[in-house]
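Because only heavy atoms are used, hydrogens play no part in the values below, and waters and symmetry mates are left out as well, while side chains stay in.
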Amino acid sequence: MGMVTESQFHVLAVDDSLLDRKMIERLLQKSSCQVTTVDSGSKALEFLGLRGSNESADPNAPSSSPVTHQEVEINLIITDYCMPGMTGYDLLKRVKESAAFKSIPVVIMSSENVPARISRCLEEGAEEFFLKPVKLADLTKLKPHMLKTKLKKGSEKPAKEDNAVLKPEIREEEPSVIEILPLHQEVEQEPMLSNNKRKAMEEVISTDRSRPKYNDITTLV
């Protein structure tokens, strides 16, 4: 199985009919999607990493490490409703109960038009319910659902990167010290200024008194 490129949507298709699996795979590939197909709900859970060891369908089958959701990105699950062992409705419930995959859109397919079945799947969280045979026009409805998973995935990455950025070191500047003179020094300076002014005025007055006054002086030429 190849790696998913950024421009592709990865769809997990589940159907016990080989003919229906090939048909849905071909239609999805025409819509530029990468497709992984499995033939049962239990294998879909194994692919997602949701199936426990006690749920193995074949106890004699060799154990294999399931692909976990950390190694593969699924943008949509499309599954048949009527399948032996685990129905599409059961698979839908398991996916929606999973914290890791509950946001992945799930679409149900069925060859039987049963309104109660359709309503039950939609109430459980299915995005669409298609009647078989699925047409290419039906798959155009899937793009908005798959795009949501891409946008959500992209919005989570910048948030993690922002949290990883180190905060710049902020240096605290030392507060400038303003020298404040004590109150008694200011009070002492004011009388000194007053005394200096008083002495200057007394000197002016004493100088005026010591000058001789010349009244009635006539200047002869």
Side-chain angles (χ1 to χ4, degrees), residues 1-53 55-58 61 64-111 118 121-122 124-136 138-154 156:
M1 181 170 55
M3 297 297 292
V4 183
T5 62
E6 288 295 325
S7 61
Q8 283 183 316
F9 295 112
H10 192 181
V11 180
L12 175 61
V14 188
D15 202 313
D16 61 314
S17 169
L18 176 61
L19 179 61
D20 289 344
R21 283 202 311 273
K22 291 297 183 182
M23 182 179 296
I24 194 68
E25 181 180 12
R26 189 178 300 110
L27 291 175
L28 287 167
Q29 287 175 346
K30 285 183 179 179
S31 300
S32 301
C33 294
Q34 178 180 348
V35 189
T36 298
T37 59
V38 292
D39 59 4
S40 67
S42 60
K43 288 185 179 180
L45 293 178
E46 183 180 359
F47 179 80
L48 296 172
L50 294 178
R51 195 181 74 173
S53 58
E55 298 181 45
S56 177
D58 185 2
S64 59
S65 300
V67 180
T68 64
H69 64 278
Q70 296 178 346
E71 299 174 1
V72 67
E73 178 184 351
I74 296 295
N75 303 112
L76 185 133
I77 299 171
I78 185 167
T79 177
D80 185 27
Y81 184 90
C82 294
M83 294 185 295
M86 176 180 288
T87 66
Y89 177 76
D90 296 332
L91 176 60
L92 169 67
K93 289 183 64 177
R94 289 292 302 272
V95 171
K96 294 304 176 182
E97 289 171 358
S98 168
F101 295 101
K102 63 181 180 181
S103 61
I104 295 180
V106 179
V107 175
I108 308 293
M109 305 176 292
S110 178
S111 56
I118 297 172
C121 290
L122 295 176
E124 191 63 35
E127 301 293 340
E128 302 284 349
F129 195 105
F130 293 152
L131 292 176
K132 291 182 177 181
V134 178
K135 303 176 180 63
L136 186 60
D138 295 328
L139 298 184
T140 58
K141 301 176 183 179
L142 304 182
K143 287 291 179 70
H145 302 307
M146 292 187 289
L147 189 59
K148 289 180 183 179
T149 61
K150 283 281 188 182
L151 293 176
K152 185 176 180 181
K153 196 78 174 180
E156 290 176 353

Kindly give the heavy-atom pair with the smallest separation between [X] and [Y], and that separation in Å.
X: G125; Y: L92; result: C-CD1, 4.2 Å
X: G41; Y: V14; result: N-CG1, 4.0 Å
X: A99; Y: K102; result: O-CG, 4.0 Å
X: V95; Y: F101; result: CG1-O, 3.5 Å
X: V107; Y: L76; result: CG2-CD1, 4.1 Å
X: L139; Y: L27; result: CD1-CB, 3.3 Å

Output the distance between atom [atom1] ([X]) and atom [atom2] ([Y]), rounded to the nearest 0.5 Å.
X: S111; Y: D80; atom1: OG; atom2: CG; answer: 7.0 Å
X: C33; Y: K143; atom1: SG; atom2: NZ; answer: 5.5 Å
X: Q29; Y: I24; atom1: CD; atom2: CD1; answer: 11.0 Å
X: Q8; Y: M146; atom1: CD; atom2: CE; answer: 11.0 Å
X: E128; Y: I108; atom1: CD; atom2: CD1; answer: 11.0 Å
X: M83; Y: D90; atom1: CE; atom2: CG; answer: 8.5 Å

> Can you find a pair of side-chain heavy atoms, one from S31 and one from L136, that are under 4.5 Å apart?
Replying inline: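 Yes, side chains in contact.
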> Between V134 and M23, is any pair of side-chain heavy atoms under 4.5 Å apart?
Replying inline: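 Of all side-chain heavy-atom pairs linking M23 with V134, none is under 4.5 Å.
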Is there a donor-acceptor pair closer than 3.5 Å between any side-chain N or O of [X] and the backbone N or O of [Y]?
X: S98; Y: A100; result: yes
X: R94; Y: L45; result: no
X: N75; Y: V11; result: no

> Taking the six-membered ring for Trp, are H10 and F47 parallel (under 30°), tilted (30 to 60°) or perpendicular (over 60°)?
Replying inline: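 Judged by the thresholds at 30° and 60°, the geometry between H10 and F47 is perpendicular.
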> Does anything in residues 20-44 pair up under salt bridge (charged side-chain N to carboxylate O under 4.0 Å, His left out), and if so which pairs, sequence neighbours excluded?
Replying inline: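 For residues 20-44, and leaving out neighbouring residues, the salt bridge (charged side-chain N to carboxylate O under 4.0 Å, His left out) pairs sorted by first residue read D20-K132, D39-K43.
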